[in-house]
Amino acid sequence: MGSVCSNYLNNFSMKNILITGGAGFIGSHVVRLFVNKYPEYRIINLDALTYAGNLANLKDIEDKTNYTFVKADICDFDKMCSLMQEYDIDGVIHLAAESHVDRSIKDPFTFARTNVMGTLSLLQAARQHWNGNWEGKRFYHISTDEVYGALELDKPEGSAPYGSEFFLETTKYNPHSPYSASKAGSDHFVRAYHDTYGMPTLVTNCSNNYGPYQFPEKLIPLFINNIRHGKPLPVYGKGENVRDWLYVVDHARAIDVIFHQGKTGDTYNIGGFNEWKNIDIVKVVIKTVDRLLGNPEGTSEKLITYVTDRAGHDLRYAIDSTKLKNELGWEPSLQFEEGIEKTVRWYLDNQEWMDNITSGVYEKYYEDMYKNR
Ligand code: NAD
Ligand code: DAU
């Protein structure tokens, strides 16, 4: 196994940080946090602006002097090499990915291309640029709990936790969807670059995120928007699947802590011990939206429509993030009730953001993405 110069990063030695996927949901929160918190860093946001990338997510920080946006595809290896040199990149926080499970079922090739080949392209470009001098360098790959597979629902009644097992950092990978298989492939490449070349890498596996700026193909923003328009709420199967939800700003805070203090070569799970059955979270969302819109309680429950289940739908995800808490002191800052209230309010207060996506622009991106494949 290759050796790594320093396990813990000296903040002040790092100047130029490349954040990939910064125009997406989680990436935009990470870019915002880093640009505002670290004026001494230069933050380069690299994003291909696929259908999921939206520069409107970053309007509040786009004029900051320590922020630069570059439109590029991580699969373009020559471009990755030239950008590494041009900006003399010290650290990479890699979030760019195809992220939606349903799309991966329709179009697995795009997921293999971006998530596996794109990550490899970035790794190799970083390796060439750093040329064996790992001091003060860091390649941090953002992954998902979905790589671990699905847990049993062996305590389905009552409140969470809904099973006796949790995903640990040591849980064997067992991905089921093309999305999670592609993320697993990328995680393996990142670890291989650490073990083979000594690259100072970090991998984190996080649970479901929710919050502002999430693309409305994902459960929570899709349902908030559909309630607003009186449209059906398509619950897959019986709504019994369990997901573990974390407010996106808490994920960004964890990324900050791990990027600066995480032990290189290591893996950390990120989650808030916050399991919900889909049907229960849908009811919370309905209740909150109805209340904030001034509708009588329960008005929108009639919109719930049970539809054909997602193929290979993982039953339960539940992250154990004890290692992160014990080693680096991170804990979520928000209780779920507060987080969902903030989230629903944000979507209702930012209807223009949503309408710009749903009023045809979304369809256009979708067509553009698929027409040549
Ligand atoms: P997202 O789909 O909202 O954003 C992805 C971003 O990547 C977009 O801005 C898109 O334009 C960009 N992108 C896609 N392909 C690209 C390419 N080839 N080159 C450059 N940029 C490209 O995704 P998200 O939900 O913000 O997820 C970000 C990362 O976090 C992903 O790696 C995802 O696997 C991981 N993750 C997400 C969650 C979640 O709940 N959303 C949970 C755990 C981990
Ligand atoms: O667990 C982390 C993962 O969470 C991330 O890696 C993914 O990038 C992210 O998309 C998310 O994946 P999920 O598939 O869990 O998220 P999604 O919002 O698509 O679905 C959440 C649950 O709700 C899931 O069990 C499927 C269900 N669902 C989803 C949609 C969009 C429905 O019942 N109806 C829907 O219309």
Side-chain angles (χ1 to χ4, degrees), residues 19-31 45-55 57-58 70-76 79-80 93-105 110-111 113-115 117-119 121-122 141-148 150 167 175 177 179-180 182-183 186-187 204-211 213-223 226 232-246 248 251-252 255 269-271 276-279 281-282 304-310 313-319 365 369:
I19 301 181
T20 72
F25 166 47
I26 302 170
S28 64
H29 289 276
V30 177
V31 167
N45 171 15
L46 185 161
D47 198 296
L49 298 183
T50 69
Y51 79 95
N54 186 353
L55 289 177
N57 297 357
L58 292 162
V70 177
K71 184 174 186 298
D73 183 341
I74 53 168
C75 299
D76 183 344
K79 181 85 179 168
M80 292 308 105
I93 305 180
H94 174 38
L95 297 109
E98 290 292 336
S99 69
H100 191 44
V101 174
D102 293 329
R103 282 176 187 261
S104 81
I105 295 167
T110 301
F111 283 69
R113 176 186 179 274
T114 294
N115 298 358
M117 292 307 294
T119 300
S121 154
L122 207 55
H141 173 64
I142 309 300
S143 192
T144 169
D145 58 0
E146 300 204 11
V147 296
Y148 295 127
F167 295 135
S177 72
Y179 163 67
S180 52
S182 69
K183 290 297 290 185
S186 61
D187 296 7
T204 53
N205 299 85
C206 187
S207 60
N208 283 64
N209 284 214
Y210 70 98
Y213 301 112
Q214 187 167 30
F215 196 81
E217 62 189 350
K218 307 282 169 68
L219 182 77
I220 290 182
L222 176 72
F223 278 31
N226 283 9
L233 307 175
V235 174
Y236 298 163
K238 293 181 182 156
E240 291 289 305
N241 302 65
V242 170
R243 295 290 181 270
D244 186 356
W245 294 91
L246 182 69
V248 63
H251 188 185
I255 289 171
N269 279 349
I270 308 174
W276 286 82
K277 280 190 196 171
N278 287 345
I279 191 61
I281 206 163
V282 165
I304 293 176
T305 310
Y306 291 94
V307 299
T308 309
D309 208 352
R310 174 185 276 174
H313 197 174
D314 286 334
L315 192 53
R316 172 176 171 249
Y317 302 144
I319 274 281
Y365 277 136
M369 193 177 151

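We count ligands from 1, going down the list as the structure has it; atoms in each ligand are counted the same way. Not measured: the values here are computed from a predicted model.
At least one heavy atom of A23 sits less than 4.0 Å from an atom of ligand 1. The closest approach between Y210 and ligand 1 stays at or above 4.0 Å for every heavy atom of the residue. Ligand 1 has no atom lying under 4.0 Å from any heavy atom of S28. The shortest heavy-atom distance from G22 to ligand 1 is not under 4.0 Å.
In terms of protein heavy atoms, atom 2 (O) of ligand 1 is closest to S99 OG, 2.7 Å. Nearest protein heavy-atom contact of atom 37 (C) of ligand 1 is I26 CD1, 3.4 Å. In terms of protein heavy-atom proximity, atom 31 (C) of ligand 1 is closest to L95 O, 3.3 Å. Summary of contacts: the protein heavy atom closest to atom 11 (C) of ligand 2 is N208 ND2, 3.4 Å. Protein heavy atom in closest approach to atom 8 (C) of ligand 1: D47 OD2, 3.6 Å.
Checked against a 3.5 angstrom limit, the closest N/O atoms of Q214 and ligand 1 fall outside it. Of the N or O atoms in Y179, one or more lie within a sub-3.5 Å distance of an N or O in ligand 2. Ligand 1 has no N or O atom lying under 3.5 Å from any N or O atom of L46, backbone or side chain. Here's the thing with S207: none of its N/O atoms is less than 3.5 angstrom from an N/O atom of ligand 2. On a distance-only criterion, W245 and ligand 2 share no N/O pair closer than 3.5 Å. When only interatomic distances are considered, the shortest N/O to N/O separation between V101 and ligand 2 does not fall below 3.5 Å. An N or O contact shorter than 3.5 Å links R243 to ligand 2 by distance. For a threshold of 3.5 Å applied to N or O pairs, the pair formed by L219 and ligand 2 contains at least one separation below that value.
Residues H141 and S186 have side chains that bring a donor and an acceptor to within less than 3.5 angstrom of each other. In this structure, a donor-acceptor pair under 3.5 Å is absent between the side chains of K79 and S121.
Heavy-atom contacts of H313 reach the following atoms of ligand 2: 24 (C), 25 (O), 26 (C) (cutoff under 4.0 Å). Residue H100 has at least one heavy-atom neighbour below 4.0 Å for each of these atoms of ligand 2: 19 (O). If you number the atoms of ligand 2 from 1 as listed, the ones under 4.0 Å from a heavy atom of L222 come out as 36 (O). Numbered from 1 in the order shown, with element, the atoms of ligand 2 that lie under 4.0 Å from a heavy atom of E146 read 1 (O), 2 (C), 3 (C), 4 (O), 5 (C), 6 (O), 7 (C), 11 (C), 12 (O), 13 (P), 14 (O), 15 (O). Listed by number with element, the atoms of ligand 2 under 4.0 angstrom from any heavy atom of V235 are 33 (O). For ligand 2, the atoms lying closer than 4.0 Å to a non-hydrogen atom of Y317 are 1 (O). Atoms of ligand 2 lying under 4.0 Å from any heavy atom of T144, numbered from 1 in the order shown and given with element: 1 (O), 2 (C), 3 (C), 5 (C), 6 (O). Under a 4.0 Å criterion applied to the non-hydrogen atoms of P234, ligand 2 contributes the atoms 32 (C), 33 (O), 34 (N), 35 (C), 36 (O).
In this comparison of E240, E217, E98, the heavy atom closest to atom 31 (C) of ligand 2 sits on E217. Closest to atom 27 (C) of ligand 2 by heavy atom, among N278, N241, I281, is N278.
Taking the six-membered ring where the residue is Trp, Y179 and F111 present perpendicular rings, their angle passing 60° and hence far from 30°.
Under the 6.0 Å distance and 45° angle rule, R103 counts as a cation-pi partner of Y51.
Residue contacts with ligand 1, taken as heavy atom pairs separated by less than 4.0 Å, involve T114 solely via side-chain atoms from C-beta onward.
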